Participant: 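Have a look at the structure that comes next, please.
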Amino acid sequence: MRWYWGAVVRVDAAREVLTDVGQIVDPEAIRPQDPRTGHITLFYPPLRGRRAAPELADRLRADVAAMPAFDLELGGFGEFPSATRPVAWMGVRGGNENLVDLRSRLCRCDDDCHRHAFVPHLTVLYGEDVEAYAAARDAVREAVERHTLRLRVDALWIAGFPQNGHPARDLRFVERLPLAD
């Protein structure tokens, strides 16, 4: 089985906002991000085997270790509109330039398969049913906007989920890559 592996910033501080969003929506129609797996995706290499995380971590380790730790602030509601699967997210208010720099370092180490312009964000849900998402959108916006998150980024994680899985429910953090102290 092939896996989607990526380099992510783990956002454990998102547990409360993700729990709030999960209580608003019907999980059969809208997939909220599991509160245990809040993250900001920086990089997605091509599909690989189930045991490829250590190899990817080894390729990225030196560039990640050269980046100093930094602070992030997250807040505000955003979305990637789509006729088939809109995505709602919490934005990055402070520290964005550090995420862009870190992403540039990662993209030098492997092929990036991210198909869109890089917009750093914390995904809160996937609107699998467009009508159900439209009905819940305002309540989701309110829940997200009640929160501001502040965190110190001192590591990246190699995280992944199976090709037939879903990032909202099947994501696993596997390898921790420390940033410079």
Side-chain angles (χ1 to χ4, degrees), residues 4 6-25 30-44 60 63-82 85-109 112-128 133-161 166-169 171 173 176-181:
Y4 292 102
V8 305
V9 171
R10 188 170 175 163
V11 184
D12 293 332
R15 187 176 294 259
E16 186 177 343
V17 67
L18 295 174
T19 298
D20 288 354
V21 168
Q23 292 172 347
I24 294 168
V25 301
I30 299 171
R31 294 249 171 105
Q33 185 69 40
D34 184 316
R36 297 167 297 180
T37 61
H39 67 281
I40 299 168
T41 301
L42 297 177
F43 174 77
Y44 266 125
L60 303 177
D63 280 322
V64 171
M67 176 84 181
F70 58 92
D71 295 320
L72 283 181
E73 181 177 319
L74 284 72
F77 175 83
E79 61 190 347
F80 297 121
S82 167
R85 186 172 98 168
V87 175
W89 45 267
M90 176 179 262
V92 177
R93 289 184 175 161
N96 218 347
E97 65 284 350
N98 294 307
L99 294 173
V100 170
D101 181 29
L102 194 47
R103 177 176 158 68
S104 294
R105 292 169 188 254
L106 299 173
C107 288
R108 293 190 304 248
C109 299
D112 179 43
C113 292
H114 200 273
R115 296 183 202 131
H116 309 287
F118 180 59
V119 177
H121 65 279
L122 171 86
T123 299
V124 297
L125 64 77
Y126 298 84
E128 304 293 347
Y133 173 70
R137 183 177 183 267
D138 289 342
V140 169
R141 174 192 291 273
E142 288 175 20
V144 170
E145 289 182 344
R146 281 195 300 268
H147 297 271
T148 298
L149 308 178
R150 290 175 184 82
L151 61 137
R152 181 82 174 153
V153 177
D154 61 0
L156 288 189
W157 285 83
I158 303 302
F161 60 96
H166 196 286
R169 68 165 190 257
L171 186 75
F173 298 112
R176 184 178 185 275
L177 304 174
L179 276 69
D181 292 333

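Just so it is clear, the model here is predicted, and its values are computed rather than measured. For reference, positions follow the sequence shown, starting with 1. The figures that follow rest on heavy atoms only: side chains count, while hydrogens, waters and symmetry mates do not.
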Participant: Taking atom CZ of R108 and atom CZ of R103, what is their separation to the nearest 0.5 Å?
Facilitator: 12.5 Å
Participant: Quick check: closest heavy atoms across T37 and A168, and the distance to 0.1 Å?
Facilitator: OG1-O, 4.4 Å
Participant: Test D154 against R176 for side-chain contact (heavy atoms from CB on, under 4.5 Å), laying out the working first.
Facilitator: CA-CA 10 Å; D154 61 0; R176 184 178 185 275; 3.5 Å; yes
Participant: Between CG of L122 and NE2 of H39, what distance do you get to the nearest 0.5 Å?
Facilitator: 7.5 Å
Participant: Apply side-chain contact (heavy atoms from CB on, under 4.5 Å) to N98 and V153, showing your working.
Facilitator: CA-CA 10 Å; N98 294 307; V153 177; over 6 Å; no
Participant: For Q33 versus L171, what's the shortest heavy-atom pair and its separation?
Facilitator: NE2-CD2, 4.5 Å
Participant: Please answer whether the main-chain N or O of E73 pairs with a side-chain N or O of R93 as donor and acceptor at a distance below 3.5 Å.
Facilitator: no
Participant: What are the two closest non-hydrogen atoms of F173 and A159, and how far apart are they?
Facilitator: CD2-CB, 3.8 Å
Participant: In a table with atom names and distances, give each donor-acceptor pair under 3.5 Å that connects a side chain of residues 10-25 to protein atoms at least two apart or in another chain.
Facilitator:
| from | atom 1 | to | atom 2 | distance (Å) |
| --- | --- | --- | --- | --- |
| R10 | NE | D12 | OD1 | 3.0 |
| T19 | OG1 | R15 | O | 2.8 |
| D20 | OD2 | H147 | NE2 | 2.8 |

Participant: L106 and D63: side-chain contact (heavy atoms from CB on, under 4.5 Å), yes or no, with the steps?
Facilitator: CA-CA 7 Å; L106 299 173; D63 280 322; 5.7 Å; no
Participant: Can you tell me how far the CZ atom of F43 sits from the CG atom of L156, to the nearest 0.5 Å?
Facilitator: 11.0 Å
Participant: Kindly compute the distance separating CG (L102) from CG (L179), expressed to the nearest 0.5 Å.
Facilitator: 6.0 Å
Participant: Identify whether the distance between the nearest side-chain nitrogen and carboxylate oxygen of R36 and D34 falls below 4.0 Å.
Facilitator: yes
Participant: Can you find a pair of side-chain heavy atoms, one from I30 and one from V140, that are under 4.5 Å apart?
Facilitator: no
Participant: Could you go through R169 and Y126, starting from their C-alpha distance and side-chain angles, then the distance that decides it, and tell me whether this counts as side-chain contact (heavy atoms from CB on, under 4.5 Å)?
Facilitator: CA-CA 11 Å; R169 68 165 190 257; Y126 298 84; over 6 Å; no
Participant: Check A88 against F77 and note the closest heavy-atom contact, atom names and distance.
Facilitator: CB-CE1, 3.8 Å
Participant: Determine the minimum heavy-atom distance between L99 and P120, stating which atoms define it.
Facilitator: CD1-CB, 3.7 Å
Participant: Look up atom CZ in R152 and atom CG in L72, then write down how far apart they are to the nearest 0.5 Å.
Facilitator: 10.0 Å
Participant: Checking E128 side chain against Y133 main chain: does a donor-acceptor pair fall under 3.5 Å?
Facilitator: no
Participant: With rounding to the nearest 0.5 angstrom, report the CG to CH2 distance, L74 to W89.
Facilitator: 10.5 Å
